[in-house]
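Here is the structure we will look at.
In what follows, chains are A, B, ... by sequence order, proteins preceding strands, each numbered from 1. Just so you know, these numbers come straight off a predicted model, no measurement behind them.
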Protein chains: 2
Amino acid sequence: MPFQKDIYKSAFSVDNIIFGFDGDELKVLLIKRSQDPYGGQWALPGDIVSPDEDLDAAAERVLKQLTGLQNVYLEQVYTFGKVDRHPRGRVITIAYYSLINIAKVKIRAASFAEEVSWKAVSSISTLAFDHLDIMETCRTRLRQELKLRPVGFELLPEKFTLTELQRLYEVILEQDLDKRNFRKKILGMSILNSLNEYQKGVSHRPAMLYSFDPEKYRVATEQGVIFEI
Amino acid sequence: MPFQKDIYKSAFSVDNIIFGFDGDELKVLLIKRSQDPYGGQWALPGDIVSPDEDLDAAAERVLKQLTGLQNVYLEQVYTFGKVDRHPRGRVITIAYYSLINIAKVKIRAASFAEEVSWKAVSSISTLAFDHLDIMETCRTRLRQELKLRPVGFELLPEKFTLTELQRLYEVILEQDLDKRNFRKKILGMSILNSLNEYQKGVSHRPAMLYSFDPEKYRVATEQGVIFEI
DNA sequence: GCAAAAGTGTTTTCATTACACCCATGT
DNA sequence: ACATGGGTGTAATGAAAACACTTTTGC
């Protein structure tokens with residue numbers, strides 16, 4: 001089967017770091033590899049890019065296969081291409097990261113995995129291949145983006161409280177934020193809709209729910225408002 | 001020759017956007033292609049990555065072949081992988097950009113080029129393949145980096161005046177900066193050495209020469225100084 | 001002495017930080 | 001009634017912006 005051999009002479013794959021937020025921790029979706037190399041170890045979901053497939057399309061496909069989700073936040077981050085990074089041949093990989101609302105995912109075990117699971121980023125210390133490296137690079141990128149663009153909302157349900165939003169920032173940036181200053185800053189940008197609707201069933205004063213409004217964000221940006229946390 | 005065909009079934013290249021600054025304009029080093037596809041057109045220097053070569057090494061090789069330079073600022077930016085981006089087959093390309101002191105370059109015409117030349121970024125309106133796209137992406141990245149990291153010095157001679165440095169920022173960021181505020185900010189970071197040496201042969205008051213001190217930068221960073229222009 | 005760029009501080013303005021108490025709900 | 005997180009404003013601080021004149025050199 002020369003095809004297999006040729007592919008491995010010079011193949012490229014995509015790997016997708018899928019971030020989710022459960023209200024408490026930043027998580028990534030990992031698969032347990034069912035085959036060698038690295039059989040039985042946790043790895044990032046990914047696949048070989050087929051010859052007639054765009055890179056972005058391949059990343060979308062991997063995401064869809066695993067989560068059923070489409071049209072979610074997905075960005076290319078970096079390409080990893082060390083000669084020896086794959087034990088079976090020369091495979092470079094283009095890393096993407098996506099941000100999803102964790103509640104929307106019904107995990108589907110993919111054919112290439114025994115098991116699929118959300119793991120807290122902070123709890124991961126080894127991964128197959130150079131995937132730990134890849135994850136760290138994507139995590140750094142996420143932090144940068146979070147400060148400069150309104151991407152945090154991608155990790156939340158459509159309706160959220162300001163405290164949930166703040167907690168998300170605190171967890172990802174690994175720093176505490178002042179409640180009043182945070183609210184002042186976010187609300188001052190005029191990019192949220194106040195829904196005049198409240199949390200239910202909580203054993204404390206229920207919080208107002210908000211949603212992110214992309215159109216308001218566009219208008220604000222045009223008027224010179226700079227998103228920055 | 002099956003090898004050629006296999007390569008093109010799934011090959012990867014690097015392209016290198018080499019930035020230089022002549023005191024007045026931001027330039028990039030382009031080659032005129034001697035062969036089809038796009039024979040006769042200007043393009044970014046690049047090459048196929050060989051199977052036993054790291055991506056970074058390939059980018060360094062391209063840079064060295066063309067300029068003779070090694071150990072200069074070189075960073076991966078983005079990978080371009082549309083199915084149809086190369087008319088001869090599937091070739092994805094990993095884009096790098098480098099920052100060099102333009103005065104140090106003795107251009108060597110490479111075998112794959114008729115002609116090699118510095119072109120002002122602002123004057124370029126078409127390039128072979130998707131290279132215009134690649135150039136714009138790298139230019140955006142350069143702007144981002146310039147604001148947050150001390151990379152501008154890579155584009156200047158070792159000894160430079162503050163006005164030269166300011167002009168570099170103004171040209172790349174496309175905005176005017178206030179002279180006094182700029183000096184205050186840069187000097188306040190304590191990352192430059194004042195050389196107690198002056199410009200010569202200028203028909204005006206000669207300016208003090210400075211050099212960037214990476215060690216001072218490291219110390220300043222440790223003490224919490226944030227580089228930002 | 002004139003043209004050309006170098007060099008230099010202060011005031012104003014605006015954004016960021018620090019900070020503490022009352023409110024609404026469930027148990 | 002108490003525990004829990006929700007919600008709110010002001011003063012102090014520090015950083016960024018605006019701004020104009022004197023100095024040194026070559027010609």
Side-chain angles (χ1 to χ4, degrees), chain A residues 21-25 146-148 156-157 159-171 173 175-211 220-221 223-229, chain B residues 21-24 146-148 156-157 159-171 173-211 220-221 223-229:
Chain A
F21 178 68
D22 67 358
D24 210 40
E25 282 186 302
L146 199 66
K147 285 196 188 194
L148 300 171
L156 291 174
K159 302 174 181 184
F160 51 85
T161 70
L162 293 181
T163 300
E164 285 165 358
L165 183 63
Q166 181 180 343
R167 179 96 186 110
L168 183 154
Y169 272 90
E170 289 178 330
V171 167
L173 300 179
Q175 61 175 282
D176 289 346
L177 300 170
D178 179 273
K179 179 161 68 163
R180 279 181 286 191
N181 294 337
F182 180 80
R183 285 163 183 245
K184 208 187 311 171
K185 202 180 253 181
I186 287 280
L187 294 176
M189 293 179 200
S190 308
I191 59 176
L192 297 186
N193 288 321
S194 159
L195 299 174
N196 291 316
E197 192 182 329
Y198 294 85
Q199 274 184 314
K200 279 178 189 147
V202 289
S203 75
H204 53 75
R205 176 173 171 181
M208 173 79 80
L209 294 173
Y210 291 83
S211 67
T221 302
Q223 291 175 356
V225 173
I226 306 284
F227 186 94
E228 200 185 340
I229 299 293
Chain B
F21 178 66
D22 67 357
D24 210 40
L146 199 66
K147 283 197 190 198
L148 299 171
L156 292 173
K159 300 174 182 182
F160 52 84
T161 70
L162 293 181
T163 300
E164 285 164 0
L165 183 63
Q166 183 181 338
R167 179 95 185 111
L168 183 154
Y169 272 90
E170 290 178 329
V171 167
L173 300 180
E174 293 175 303
Q175 60 175 280
D176 289 345
L177 300 170
D178 179 274
K179 181 162 69 163
R180 278 179 289 194
N181 292 337
F182 180 80
R183 283 161 186 248
K184 209 186 308 170
K185 200 180 251 180
I186 288 280
L187 293 176
M189 294 177 197
S190 308
I191 60 176
L192 298 187
N193 288 320
S194 158
L195 299 174
N196 291 315
E197 193 182 329
Y198 295 85
Q199 273 184 313
K200 278 177 190 149
V202 289
S203 75
H204 54 76
R205 176 172 173 179
M208 174 79 79
L209 294 173
Y210 291 84
S211 67
T221 302
Q223 291 175 357
V225 173
I226 307 284
F227 186 94
E228 201 185 340
I229 298 291

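Without hydrogens or angle criteria, Asp178(A) side chain to Arg180(A) main chain gives a donor-acceptor distance under 3.5 Å. The closest donor-acceptor contact from the side chain of Gln199(B) to the backbone of Ala207(B) lies under 3.5 Å. Not one N or O on the side chain of Asn193(B) forms a donor-acceptor pair closer than 3.5 Å with the backbone of Leu195(B).
Rounded to whole angstrom, the span from the CE atom of Met208(A) across to the P atom of dC23(C) amounts to 17 Å. Rounded to an integer number of Å, the gap from OH of Tyr198(A) to P of dT25(C) is 9 Å. To the nearest angstrom, C1' of dT16(C) lies 14 Å from CD of Glu228(B). Distance CG (Leu209(A)) to P (dT25(C)): 14 Å, rounded to an integer number of Å. Straight-line distance from the CG atom of Asp176(A) to the P atom of dT17(C): 14 Å, rounded to whole Å. Between the CD atom of Gln175(B) and the C1' atom of dA17(D) there is a distance of 13 Å, rounded to whole Å. Taking atom CD1 of Ile229(B) as the reference point, atom P of dA16(D) lies 10 Å away to the nearest angstrom. The distance between atom CD1 of Ile226(B) and atom P of dA16(D), rounded to the nearest whole Å, is 11 Å.
Of the residues in residues 161-171 of chain A, none has a non-hydrogen atom less than 4.0 angstrom from any atom of DNA chain C. Listed by residue number, the members of residues 177-195 of chain B with any heavy atom below 4.0 angstrom from DNA chain D are Asp178(B), Arg180(B), Asn181(B), Lys184(B).
Side-chain contact between Lys184(B) and Asn181(B) is present, with at least one heavy-atom pair separated by less than 4.5 Å. Annotation: side chain of Phe160(B) is not in contact with side chain of Leu168(B) (no heavy-atom distance under 4.5 Å). Residues Leu162(B) and Leu187(B) are in side-chain contact: their nearest non-hydrogen atoms beyond the backbone lie under 4.5 Å apart. The shortest side-chain heavy-atom distance between Leu177(A) and Tyr169(A) falls under the 4.5 Å cut-off. Side-chain contact check for Glu228(B) versus Leu148(B): some heavy-atom pair is nearer than 4.5 Å.
Nearest-nucleotide assignment on DNA chain C puts the 5′-proximal partner with Tyr210(B), out of Tyr210(B) and Ser203(A).
A salt bridge links Glu197(A) to Lys159(A): one of the charged nitrogens lies within less than 4.0 Å of a carboxylate oxygen.
Pairing each heavy atom of Leu192(B) with each of Ile186(B), the nearest pair is CD1-CG2, 3.4 Å.
Here dA4(C) is the nucleotide among dG6(D), dA4(C), dG26(C) with the atom lying nearest to any side-chain atom of His204(B).
Residues Arg167(B) and Thr161(B) bring no donor and acceptor atom of their side chains to less than 3.5 Å of each other.
Two end axes, each from the C1' atoms of five base pairs, can be drawn for the helix from dG1(C)-dC27(D) to dT27(C)-dA1(D); they diverge by 0°, to 10 degrees.
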